[in-house]
Amino acid sequence: MSSLKLNYQLMKSDEVAATLQRMADEILEMNSGRPVVLLGIHRRGVPMARRMAKRMAEKLKQQPQFGILDINLYRDDLTKVAFQPVVHKTEVPSNIDDHDIILVDDVLYTGRTVRAALDALCDFGRMRSIQLAVFIDRGHREMPIEANFIGKKIKTKDNEVVEVKLKEIDGEDAVYVMEKT
Amino acid sequence: MHNRKHLLGIQDLSRHEILEILDVAESLQEVSTRPIKKVPTLRGKSVINLFFEASTRTRTSFEIAGKRLSADVVNISLSTSSVSKGETLIDTAKTLDAMAADSVVIRHSASGAPHTLAKLTRASIINAGDGAHEHPTQALLDAFTIRQRKGRLENLKVAIIGDITHSRVARSNLYLLTKFQSHVWLCSAPTLMPPGVEKMVCENSEFVHVTHSMNEAIEGADVIMMLRVQFERMSESFFPSVREYFRYWGLNRERVSRAKPDVIIMHPGPMNRGVEIATDVADGPYSVILDQVASGVAVRMAVLYLLLGG
């Protein structure tokens with residue numbers, strides 16, 4: 001196992017909060033006030049989606065629908081990874097046919113997680129649209145997938161790891177770029 | 001379940017592994033509530049149901065579990081297999097192995113049949129009941145149901161009542177519940193209680209109690225598990241008449257009233273109504289017998305996922 005060492009801090013607490021707000025506002029603007037369904041990808045996509053939902057509720061005076069998506073049952077590397085990913089609960093609102101879906105995740109990297117999430121969503125019906133919101137886009141795509149809403153786009157090296165920390169899970173809001181050694 | 005290839009019994013599972021299976025089962029339950037009840041996780045894997053004994057719920061449950069995970073499930077039952085032409089278990093195993101099955105779910109009247117299979121094939125073997133030895137997925141789904149209703153597996157009083165001698169369900173449940181330090185009261189007619197049964201559990205054997213009094217077993221119980229009288233395994237008479245059995249060992253409303261007010265009543269099925277359980281109890285408010293069936297699909301999905309998914 002390789003260990004991680006801190007390369008640099010990309011964002012501090014106030015930047016994280018401001019960026020999430022900006023993304024929520026952009027989503028509202030692009031969907032011109034139509035109600036959207038926010039689906040957080042387990043794990044850090046979930047608190048992100050929750051916070052964006054809260055911001056939208058303040059502006060819309062109406063709570064947007066919210067759900068959790070676990071993509072482990074849809075991974076394309078199940079036979080390749082040595083460890084067995086723990087499957088977590090998926091909770092999707094009962095009828096999301098013909099709705100506008102916002103998929104929320106912390107880091108967009110190879111695009112494989114999003115591919116799995118799209119497959120998962122297809123099993124829940126036919127949505128009006130599926131849009132992708134990611135906090136950090138770090139490049140290195142292995143699939144033709146791009147985000148509609150991006151918190152921050154950065155250039156990274158292959159041996160770097162982007163860690164998004166959120167209060168609900170990690171006790172702090174921050175983004176660090178680590179390096180495998 | 002890391003690095004575990006087969007599920008042969010509860011006895012050699014750790015508490016941690018049992019909880020892992022139950023946690024995954026809880027997550028997988030959601031799949032069965034979707035409009036499209038299927039995920040692609042085990043696409044391309046083949047699961048063979050090899051049943052040498054009659055079964056509806058266990059076989060169907062494994063079949064549905066496999067199909068909800070997109071595995072290809074093939075059923076072989078005794079009457080349609082080459083076993084009826086005289087093929088041995090070992091030859092059957094080698095044949096299935098040559099077809100590159102990923103998993104074989106086996107039920108057999110001989111204790112240890114799954115263990116034999118595990119040594120002879122490359123497939124993951126899942127024990128779906130071997131003789132009077134073990135029935136691990138039944139104990140797991142019982143634990144799942146208990147945890148759902150009671151919020152815990154520890155520190156409960158569980159009465160297991162009925163034909164203990166012939167019951168693999170009793171043994172697997174005994175192993176599982178004592179691992180979590182719950183008190184298990186085994187209760188039956190003296191002829192249906194194997195002597196020395198309390199010595200079967202090595203660790204935590206102080207949690208095993210044996211009684212022939214139904215009232216003592218039920219007094220203050222959190223869970224009552226009734227077992228079917230297995231007439232098909234009885235070559236001689238174990239009690240004078242069914243009517244007498246029901247009078248002494250059958251669960252009726254009056255007896256249930258001695259248990260805790262929030263007691264749950266379980267039965268692995270199939271039930272003999274009017275033999276070990278009264279109809280109004282089986283269909284009554286404390287009964288979770290159909291919940292057990294629903295849990296069975298989720299638990300078996302979890303077992304298939306954990307054995308075949310990685």
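All figures in this text were calculated on a predicted structure; none of them were measured in a lab. To find a chain, count down the sequence lines: A is the first, B the second, and so on, and within it residues start at 1.
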Between B:L28 and chain A, with a heavy-atom cut-off of 4.5 Å, which part of the residue counts as in contact: side chain, backbone, both or neither? side chain
Closest non-hydrogen contact found for A:D123 with B:P40 is OD2-CD, 4.3 Å
Should we say atom CZ of A:R34 is surrounded by more than 12 heavy atoms from elsewhere, each under 6.0 Å from it? yes
Residue B:K37 versus chain A: region with a heavy atom under 4.5 Å: neither
Which atom of B:E30 lies closest to which atom of A:T90, heavy atoms considered: CG-O, 3.1 Å
Of all pairs that satisfy side-chain hydrogen bond (donor to acceptor under 3.5 Å, both in side chains), the ones with a partner from residues 111-126 of chain B, not counting sequence neighbours: B:D97-B:R122
Taking atom CZ of B:R15 as the centre, report whether more than 12 heavy atoms of other residues, nucleotides or ligands fall under 6.0 Å from it. yes
Would you say A:K12 has more than 12 foreign heavy atoms packed within less than 6.0 Å of its NZ? no
Examine whether an atom of B:Q29 lies under 4.5 Å from a heavy atom of chain A, and if so say whether it belongs to the side chain, the backbone or both; otherwise answer neither. neither
Do the non-hydrogen side-chain atoms of A:V87 and B:T41 ever get within less than 4.5 Å of each other? no
Decide if atom CE of A:M143 counts as having more than 12 heavy atoms of other residues, nucleotides or ligands within a radius under 6.0 Å. yes
